[in-house]
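In what follows, a structure is listed as structure tokens, so that the remarks can point back to it.
Just so it is clear: chains get the letters A, B, ... in the order the sequence lines come, proteins before strands, and each one is counted from 1. Owing to the predicted nature of the structure, the values given are computational and were not obtained by experimental measurement.
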2 protein chains.
Amino acid sequence: MVVSVQIAPPEFDPLFGALADHTRRDIVRRAISAEEGVLELASHYPMSFAAVQKHVAVLERAGLISKQRVGRRSVVRTNLEALLVARRLLDQYEELWRARIDRMNELIAETDGAIDTVETKESKR
Amino acid sequence: MVVSVQIAPPEFDPLFGALADHTRRDIVRRAISAEEGVLELASHYPMSFAAVQKHVAVLERAGLISKQRVGRRSVVRTNLEALLVARRLLDQYEELWRARIDRMNELIAETDGAIDTVETKESKR
DNA sequence: CACTGATACAACCATATGGTTGTATCAGAG
DNA sequence: CTCTGATACAACCATATGGTTGTATCAGTG
């Protein structure tokens, strides 16, 4: 049975787009274990506070992080679910790959014990 | 023991960047199971041949696909390894997440059966 | 060789992206 | 209320990106 997969709808664009920048990936990593405000986050990178703020906004739009007001700071924390969504897509690709290998093996097995495949082809002309 | 992970080096930028476009993701998907030339690929999308060609080039630079000359066509085929590289990074994030949960549970367990943590703190002043 | 299918690549354009600085808002501390 | 730490957001700039059209190369076919 084929696993007809729904792939590549545009919803994934912002998700992978957000992950396509090393600063943003590092923010995601930090926000997994730490509980830092935007200002604290910004201190780790060689760019302005506003730039980091924009990266955080991109990540937030992609659903990869969410901000929560804690006192005067807004704490950034990573959203596991979004990471899993991305991973699942890659898993599906891998699954497709395996399926293709399986199909190829089947073909080889068939052709292997049945030379009449060729005969059929030849009897056609 | 902490699993000090090396994350977010810039090498991943083109990889995720390539995946951040639905047309390109669809090309990757198609190139997993089919063996199409660039022209055949292009026929699936509502854009010029040259545009698809550029997408293919982006994917190639990211290592996600490779082209192989077959007769006059250049057949596009997906590179599983690159997909796995991307997936492994997401796996590491997930691992970090689990590690954090574990640490939190440990903390809770400690605080739970040991009120002397507070006592120590108070005996300090 | 001439022809043509398939690809490659350059030039160009509009918009998106990643960075900057400057100003405005918002929530606690005094 | 005032002051200030922390954040938000607008305006701007340079470069990257995704698309176009046009031209050049490259490999088989007749």
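Pairs of residues two or more places apart, or lying in two chains, that qualify as salt bridge (Lys or Arg N to Asp or Glu O under 4.0 Å) and include a residue from residues 45-64 of chain A are E60(A)-K67(A). Each salt bridge (Lys or Arg N to Asp or Glu O under 4.0 Å) pair with one or both residues in residues 37-48 of chain A, not counting sequence neighbours, appears once here: E40(A)-R73(A).
Going from atom CZ of F12(B) over to atom NE2 of H22(A) covers 13.0 Å, rounded to the nearest 0.5 Å. Annotation: the span from L83(B) atom CG to D91(A) atom CG amounts to 10.5 Å, rounded to 0.5 Å. Atom CD of Q53(A) sits about 9.0 Å away from atom OG of S48(A), to the nearest 0.5 Å. Rounding to the nearest 0.5 Å gives a distance of 9.0 Å between CG of D26(B) and CG of L41(B).
Hydrophobic clustering, with ILVMFWY side chains joined whenever heavy atoms are under 4.5 angstrom apart, groups V85(B) together with L96(B). At a threshold of 4.5 Å between side-chain heavy atoms, the hydrophobic network of Ile, Leu, Val, Met, Phe, Trp and Tyr places L59(A) and F49(A) in one connected group. The same ILVMFWY cluster, assembled from side-chain heavy atoms under 4.5 Å apart, contains both L89(A) and L84(A).
Nucleotide dA11(D): paired with dT20(C) (Watson-Crick or G-U wobble, both distances less than 3.5 Å).
For DNA chain C, the neighbouring residues in residues 44-61 of chain A, judged by any heavy atom under 4.0 Å, are M47(A), S48(A), A50(A), A51(A), K54(A), H55(A). Of the residues in residues 32-40 of chain A, none lies under 4.0 Å from DNA chain C by heavy-atom distance. Contacts between residues 71-79 of chain A and DNA chain C, defined by a heavy-atom separation under 4.0 Å, are made by G71(A), R72(A).
In summary, contact between chain B and DNA chain C, defined as any nucleotide atom under 4.0 Å from a heavy atom of the protein, begins and ends at dG5(C) to dC9(C) in the 5' to 3' direction.
One finds a salt bridge joining R100(A) and E35(B) here, because a Lys/Arg side-chain nitrogen approaches an Asp/Glu carboxylate oxygen to under 4.0 Å. Using a 4.0 Å cut-off between charged side-chain N and carboxylate O, R87(B) and E94(B) make no salt bridge.
In terms of modelled atom types and a separation under 3.5 Å, the side chain of R29(A) and the main chain of I32(A) share no donor-acceptor contact.
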